[in-house]
Amino acid sequence: MKVRALYEALFALEDVRQVLRETTPDHTLTEQQRTVVLKALERVREALTVLEEWKSGDAPPIQSAPGIVARSAEEEYVSVQPIQRGGVLPPEARKTLTAYCDGYSVCDYCLPPFRLDRIRRPNLMEFHRELAEFLGMDEARLFPGARRCFQAVMSSLVKPGDTVLVDSLSHYTVYLAAEQAGARVVEVPNTGYPEYRIDPEAYGEKADEVERETGKPPVLAVLSHVDYKVGNLHDAKRVSETLKDREIPLLLNCAYTAGVMPVNGRELGADFLAASGHKSFASPAPSGILAVREEWADRVFRESRFREGKEVELLGCTLMGGVAVAMMASLPHVKERVERWPEEVEKARWLVSELERIGRSKQLGVKPKQHTLICMEFPDFHEVSKKHKRRGYFLYEELRRRGVFGLQPGLTLHVKLNTYGLNWRQVRHVAGAFKDVAEKYRIPVS
Ligand SMILES: *Cc1c(COP(=O)(O)O)cnc(C)c1O
């Protein structure tokens with residue numbers, strides 16, 4: 001009821017906003033518009049009553065448009081959605097999104113040379129400078145996702161037939177970006193189940209092997225700072241040192257790190273650093289950041305031969321409107337929260353220790369956790385799923401009934417979850433919900 005009331009009020013105010021827009025510049029109302037405003041305000045007042053009384057109970061979900069149900073996962077559940085925790089927006093970003101929701105809404109003051117990173121109202125120019133500094137790099141640009149950053153780097157460095165080294169836990173988008181550039185992809189192995197470690201020295205060995213076989217060293221190496229599979233934090237510094245000896249540039253994929261934990265590209269030895277706004281930078285989708293070292297800026301952010309000042313890899317301009325300004329609104333929050341990383345890891349470790357009390361369950365990846373993305377193995381839930389009439393969906397459904405949202409529906413053996421940004425009360429709730437489900441199905445909880 002509260003969530004419904006909240007949206008009723010917000011949507012009613014949007015109707016008032018629409019009248020403001022229709023009556024510019026002097027806002028003189030017709031009879032009909034006056035009625036619209038008064039009715040909308042009445043709806044706000046009704047909604048406020050529900051909120052004032054903090055009423056409990058179920059209400060049908062509300063639609064923002066026909067067929068579009070207003071999303072309320074974050075308002076109704078403790079969300080442990082593995083890929084979404086770091087992308088949750090702080091209030092200031094949600095407000096900014098509302099205020100900049102129109103198309104092209106950052107282009108009002110786009111002056112020569114007509115580029116996103118030079119706009120001063122709102123001050124995107126300063127924002128770009130701050131981003132580069134925050135990431136310990138020299139130049140930064142916005143992109144629609146980390147994948148578009150990989151694409152820009154590969155397209156700038158790789159010619160068809162060149163080899164790109166990637167870690168064997170790489171995200172599929174790394175492969176696609178390499179494929180599009182016509183690269184040969186060579187994988188650096190990992191130790192496999194259950195730890196999935198990557199030996200930094202293996203980058204050097206693979207690079208030498210490639211050079212022996214093809215006569216040419218790899219032109220680029222990619223490392224997942226934290227991988228999507230088990231959430232291991234890989235040793236970027238040692239990988240970059242191995243590569244430096246061979247003059248191979250490193251693209252560090254920080255989709256799961258930059259924006260949630262302290263990351264300094266220069267200290268880690270990254271030549272390029274790709275970040276994801278919606279994964280880890282408290283930003284709306286789709287958004288990402290490519291930060292590069294000075295030596296590479298002219299190459300990756302090269303200007304067009306045909307249209308002066310426009311950058312080819314960005315097709316001139318990338319993120320506009322609400323997405324770009326909401327990122328900007330989130331930066332102070334992001335800068336502040338990375339300092340609290342040790343406590344975030346502590347919560348993840350605590351949850352792992354609780355979940356490992358369930359039957360034969362165990363955490364996959366390196367222990368103890370160094371990141372909040374967790375992959376659990378639950379052989380006992382998996383056993384239950386084989387006989388349950390809802391099959392693997394039972395776990396998702398049982399947890400959802402207990403206020404926990406975000407597991408991949410259908411999975412029971414290997415389950416990913418992320419505690420980032422949850423408070424202790426919520427983390428304890430998650431642990432309790434899992435143990436409660438276990439007990440319901442007579443799985444021993446130690
Ligand atoms: C999601 C993800 C990406 C892609 O990021 P986008 O910002 O969605 O393009 C890249 N790498 C890893 C490890 C990811 O999890």
Side-chain angles (χ1 to χ4, degrees), residues 79-89 93 131 135 140-155 164-181 185 187-188 190 196-198 220-236 239 250-261 263 265 268 270 272-291 313-315 318-319 323-324 326-327 330 334 348 364-366 369-375 406 408 414-420:
S79 171
V80 291
Q81 224 285 349
I83 69 176
Q84 292 184 10
R85 291 299 324 154
V88 170
L89 267 57
L131 279 178
L135 297 170
R141 298 287 186 277
L142 302 184
F143 278 84
R147 66 195 69 202
R148 295 287 175 187
C149 306
F150 309 153
Q151 185 184 38
V153 173
M154 301 243 191
S155 152
V164 172
L165 273 188
V166 308
D167 67 79
S168 46
L169 299 170
S170 283
H171 194 251
Y172 76 94
T173 53
V174 171
Y175 293 85
L176 298 197
E179 184 170 349
Q180 194 179 46
V185 172
E187 288 180 339
V188 178
N190 67 78
Y196 301 94
R197 282 180 193 269
I198 291 167
L220 177 70
V222 188
L223 173 69
S224 313
H225 196 196
V226 160
D227 65 85
Y228 76 95
K229 194 179 167 77
V230 290
N232 281 347
L233 178 67
H234 301 285
D235 194 339
V239 168
L250 173 65
L251 164 56
L252 190 59
N253 175 6
C254 296
Y256 272 117
T257 55
V260 293
M261 59 182 272
V263 173
L268 295 174
F272 315 95
L273 188 160
S276 174
H278 45 260
K279 282 268 175 67
S280 298
F281 236 84
S283 298
S287 54
I289 305 155
L290 176 60
E313 291 298 341
L314 289 84
L315 294 180
T318 49
L319 298 186
V323 178
M327 287 185 91
S330 283
V334 165
L364 300 186
V366 174
K369 286 298 307 174
Q370 295 184 59
H371 193 269
T372 59
L373 174 64
I374 299 163
C375 182
Q408 181 154 335
H414 292 140
V415 170
K416 284 199 273 187
L417 56 152
N418 195 334
T419 53
Y420 190 76

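Note that these values count all heavy atoms, side chains included, but never hydrogens, waters or copies made by symmetry. We count ligands from 1, going down the list as the structure has it; atoms in each ligand are counted the same way.
Shown in contact with Phe150 at under 4.0 Å from a heavy atom are these atoms of ligand 1, numbered in order with element: 10 (C).
Protein heavy atom at the shortest distance from atom 5 (O) of ligand 1 is Ala146 CB, 3.5 Å. In terms of protein heavy atoms, atom 1 (C) of ligand 1 is closest to Lys279 NZ, 1.3 Å.
Taking the side chain as every heavy atom from C-beta outward, Val166 and Val188 never approach each other to under 4.5 Å. Counting only heavy atoms from C-beta outward, the side chains of Asn418 and Leu373 approach each other to under 4.5 Å. For the pair Met261/Tyr256, no side-chain contact is recorded, criterion being any heavy-atom separation below 4.5 Å from C-beta on.
In terms of polar-atom proximity, Arg147 is counted as a contact of ligand 1, with an N or O under 3.5 Å from an N or O of the ligand. Residue-to-ligand polar distances keep Ala255 apart from ligand 1: every N/O pair is separated by 3.5 Å or more. In terms of polar-atom proximity, Tyr228 is not counted as a contact of ligand 1, lacking any N or O under 3.5 Å from an N or O of the ligand. For ligand 1, none of its N or O atoms has an N or O atom of Thr173 under 3.5 Å away. Polar contact check, Ser276 against ligand 1: a nitrogen or oxygen pair lies under 3.5 Å apart.
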Open item on the list: For a side chain to side chain contact (heavy atoms under 4.5 Å, CB included) check, start with the C-alpha distance between Leu165 and Leu220, then their side-chain angles and the critical distance, and finish with the verdict.
Closed with: CA-CA 6 Å; Leu165 273 188; Leu220 177 70; over 6 Å; no
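Looking at Ser155 and Glu313, their side chains do bring a donor and an acceptor atom within 3.5 Å of each other. Side chain to side chain, His234 and Asp227 meet the donor-acceptor criterion of an N or O pair below 3.5 Å.
Under 4.0 Å from ligand 1, the heavy atoms of Asn253 that appear belong solely to its side chain.
Within a 6.0 Å radius of CD in Glu179, no more than 12 heavy atoms belonging to other residues, nucleotides or ligands are found.
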